[in-house]
Colleague: 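One structure coming up, written as structure tokens, with questions to follow.
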2 protein chains.
Amino acid sequence: MKWDTLEEEQCSLARTVAVIGDRWSLLVLRECFLRIRRFEEFQSRLGITRHLLADRLKKFVKFGVLRRVKYQDRPARYEYILTQRGLDLYPIVMSIVHWGDTHMVDERGRPLLHQHKKCGKDFDPVMICSECGEPLLAREVHTHAGPGAPKPAAAIG
Amino acid sequence: MKWDTLEEEQCSLARTVAVIGDRWSLLVLRECFLRIRRFEEFQSRLGITRHLLADRLKKFVKFGVLRRVKYQDRPARYEYILTQRGLDLYPIVMSIVHWGDTHMVDERGRPLLHQHKKCGKDFDPVMICSECGEPLLAREVHTHAGPGAPKPAAAIG
DNA sequence: ACGATATCGTTCTAAAAAGGAACTGTCAAA
DNA sequence: TTTGACAGTTCCTTTTTAGAACGATATCGT
């Protein structure tokens with residue numbers, strides 16, 4: 001398994017890691033969900049090197065997670081905006097935040113709370129089974145080969 | 001924001017990225033959930049360099065995600081086993097797999113299916129609001145400062 | 001007209017991380 | 001005695017990342 005051909009692996013986790021598994025990628029994504037859109041703003045908020053930022057934005061555009069949209073001519077200026085594919089990364093971001101809220105906070109407590117506009121309450125994200133609606137626990141899940149499985153099923157998904 | 005002090009950031013995403021955001025970390029974690037426990041087995045399945053593998057395992061132990069358990073003396077041999085803290089990473093892993101299943105599969109389809117032992121059916125993971133039970137969409141969530149917020153609320157969580 | 005500022009990158013060099021292969025130490029089995 | 005399993009470590013090369021400066025293009029203030 002080579003890092004630079006991860007997207008060709010027959011494993012959905014490996015392929016997603018090819019998109020978000022780089023150093024800085026998840027932090028750039030965090031900014032996207034906070035509605036940051038411009039190069040300078042990403043750069044100054046994250047302190048990432050400009051070179052890496054350019055790389056990561058290019059990679060996200062290549063994988064269809066961000067759209068590069070011109071917002072002015074002369075000089076041409078672009079914004080980076082989440083596509084639907086990018087918005088679909090939200091559960092990943094929220095589950096990461098939630099693990100941090102649970103296991104990595106200090107005595108001051110959570111830095112941010114999340115309010116669900118629909119019900120008006122501060123919430124935690126909960127992952128459930130699409131079929132029965134029960135919360136998912138690692139021990140209660142059995143994996144088996146799907147149609148796109150390699151000969152020996154050697155991947156989590 | 002420096003990569004090597006990420007765990008001290010006042011942001012739950014950044015702190016979690018300090019644990020799982022390295023190259024290879026998520027792939028090692030995948031193997032853990034597939035019940036891989038020994039150095040050689042991780043190494044041969046992933047093709048990761050031995051040096052990096054040793055580093056990543058050490059880091060997971062340091063952050064309490066894995067437990068290093070001696071399973072024989074003379075010579076001392078160890079296994080790496082998920083702690084509860086590690087098992088709690090399951091929603092992150094599943095949401096990553098699910099995004100890959102949705103957006104990165106080729107014509108062959110999903111490599112792996114997941115069966116929920118409780119209801120017996122193959123499922124997708126769905127993220128819902130802990131308060132009202134509705135599925136979570138990025139656009140329907142409002143973030144606001146929590147008790148551990150930095151002066152200007154500049155983090156997703 | 002002139003300099004300052006804004007924006008989105010690219011270029012350059014040094015430092016850090018990752019890749020790759022061989023090696024160590026201990027024990028069991030053939 | 002030799003081979004092999006296991007869990008790393010050591011050494012060296014290649015790739016990535018960090019850090020700072022530079023370029024191109026345009027607007028704004030004076």
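In the text below, chain A, chain B and the rest are named by the order of the sequence lines, each starting its count at 1.
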Colleague: Salt bridge (charged side-chain N to carboxylate O under 4.0 Å, His left out), that's the test. Do B/K117 and A/E140 meet it? Break it down for me.
Modeller: CA-CA 5 Å; B/K117 291 181 189 169; A/E140 292 170 357; over 6 Å; no
Colleague: Whole-Å distance between D/dC22 C1' and A/Q43 CD?
Modeller: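 My rounded result for the distance is 15 Å.
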Colleague: To the nearest Å, give me how far apart CG (A/L46) and P (D/dA18) are.
Modeller: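 Distance, rounded to whole Å: 11 Å.
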Colleague: Reading DNA chain C from 5' onward, which residue's closest nucleotide shows up sooner: A/E79 or A/K2?
Modeller: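 Going by which nucleotide is closer to the 5' end, it is A/E79.
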Colleague: Quiz question: by atom type and distance under 3.5 Å, do the side chains of A/R67 and A/Y80 form a donor-acceptor pair?
Modeller: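 Short answer, no.
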Colleague: Can you see whether A/D122 engages B/H144 through a side-chain donor-acceptor pair at a distance of less than 3.5 angstrom?
Modeller: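 A/D122 vs B/H144: donor-acceptor pair found between side chains.
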Colleague: Do A/Y78 and A/Y71 have their ring centres less than 6.0 Å from each other?
Modeller: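 When the ring centroids of A/Y78 and A/Y71 are compared, they turn out to be at least 6.0 Å apart.
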Colleague: Between the protein and nucleotides 26-28 of chain C, list the N/O to N/O atom pairs that are separated by less than 3.5 angstrom.
Modeller:
unit_1 : atom_1 : unit_2 : atom_2 : d
C/dC27 : O3'    : B/R74  : O      : 3.4

Colleague: What contact category does B/F42 fall into here, base, sugar-phosphate, or nothing, at under 4.0 angstrom with non-hydrogen atoms?
Modeller: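 Counting heavy atoms under 4.0 Å across all strands, no contact is made by B/F42.
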Colleague: Report the C-alpha distance between B/C132 and A/F123 in whole Å, list the side-chain angles of each, state the deciding distance to 0.1 Å, and finish with yes or no for side chain to side chain contact (heavy atoms under 4.5 Å, CB included).
Modeller: CA-CA 9 Å; B/C132 70; A/F123 70 95; over 6 Å; no
Colleague: Could you check how far CD1 of A/I36 sits from C1' of C/dT7, rounded to whole Å?
Modeller: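 Whole-Å distance recorded here is 15 Å.
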Colleague: Report, one pair per line, the protein and nucleotides 14-18 of chain C atoms (nitrogen or oxygen only) whose separation is under 3.5 Å.
Modeller:
unit_1 : atom_1 : unit_2 : atom_2 : d
C/dA18 : OP1    : B/R56  : NH2    : 2.9
C/dA18 : OP2    : B/R56  : NH2    : 3.4
C/dA18 : O3'    : B/R23  : NH1    : 3.4

Colleague: Check each residue of residues 57-68 of chain A for a non-hydrogen atom within less than 4.0 Å of any atom in DNA chain D, then write out the ones that pass by number, or none.
Modeller: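 Heavy-atom cutoff 4.0 Å gives no residues at all.
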Colleague: Grab the CG-C1' distance between A/L53 and D/dT17 for me, whole Å please.
Modeller: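 Atom CG in A/L53 sits about 13 Å away from atom C1' in D/dT17.
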Colleague: Going by the rule side chain to side chain donor-acceptor pair (under 3.5 Å), which residues pair with B/D106 if we only count those two or more places apart in sequence or in a different chain?
Modeller: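 Residues passing side chain to side chain donor-acceptor pair (under 3.5 Å) with B/D106: A/R15, B/R108.
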Colleague: Roughly how far, to the nearest 0.5 Å, is SG of B/C11 from CG of A/L112?
Modeller: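 It comes to 7.5 Å.
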Colleague: Once you apply a heavy-atom cut-off of 4.0 Å, does A/Y71 come out as touching a base, just sugar-phosphate, or nothing?
Modeller: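 Sugar-phosphate, no base atom in range.
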Colleague: Output the distance between atom CG (A/L13) and atom CH2 (B/W99), rounded to the nearest 0.5 Å.
Modeller: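 Here the rounded value is 12.0 Å.
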Colleague: Please confirm whether the shortest side-chain N or O distance from A/Y80 to OP1 or OP2 of C/dT7 is below 4.0 Å.
Modeller: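 For A/Y80, the contact criterion (side-chain N or O under 4.0 Å from OP1 or OP2 of C/dT7) is not met.
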Colleague: So, using side chain to side chain donor-acceptor pair (under 3.5 Å) as the criterion, who are the partners of A/H103 when residues are at least two apart?
Modeller: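 Side chain to side chain donor-acceptor pair (under 3.5 Å) list for A/H103, sorted by chain: B/D88.
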Colleague: Would you mind reading off the distance between A/Y78 atom OH and D/dA26 atom P, rounded to a whole angstrom?
Modeller: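 About 12 Å, once rounded to whole Å.
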Colleague: Hey, is A/R45 close enough to A/E40 for a salt bridge, meaning N to O under 4.0 Å?
Modeller: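 Salt bridge between A/R45 and A/E40, a charged N being under 4.0 Å from a carboxylate O: no.
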Colleague: How many angstroms lie between atom CD1 of B/I20 and atom NZ of B/K59, to the nearest 0.5 angstrom?
Modeller: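 These two atoms lie 8.5 Å from each other.
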Colleague: Please report the distance, rounded to the nearest Å, between CZ in B/F39 and C1' in C/dT24.
Modeller: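 Computing the B/F39:CZ to C/dT24:C1' distance gives 13 Å.
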Colleague: Would you kindly give the CZ-to-P distance between B/R37 and D/dC6, to the nearest whole Å?
Modeller: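 Nearest whole value for this atom pair: 15 Å.
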Colleague: Please collect all salt bridge (charged side-chain N to carboxylate O under 4.0 Å, His left out) contacts where either partner lies in residues 123-136 of chain B, sequence neighbours excluded, each pair once.
Modeller: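 Applying salt bridge (charged side-chain N to carboxylate O under 4.0 Å, His left out) to every pair that reaches into residues 123-136 of chain B, excluding sequence neighbours, yields A/K118-B/E134, B/R110-B/D124.
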Colleague: Once you round it to whole Å, what is the distance between P of D/dG8 and CD of B/Q72?
Modeller: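 Rounding to the nearest Å, CD of B/Q72 and P of D/dG8 are 12 Å apart.
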Colleague: Take B/R50 and A/I48, find for each the nucleotide of DNA chain D with the closest heavy atom, and name the residue whose nucleotide sits nearer the 5' end.
Modeller: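 The residue whose closest nucleotide sits nearer the 5' end is B/R50.
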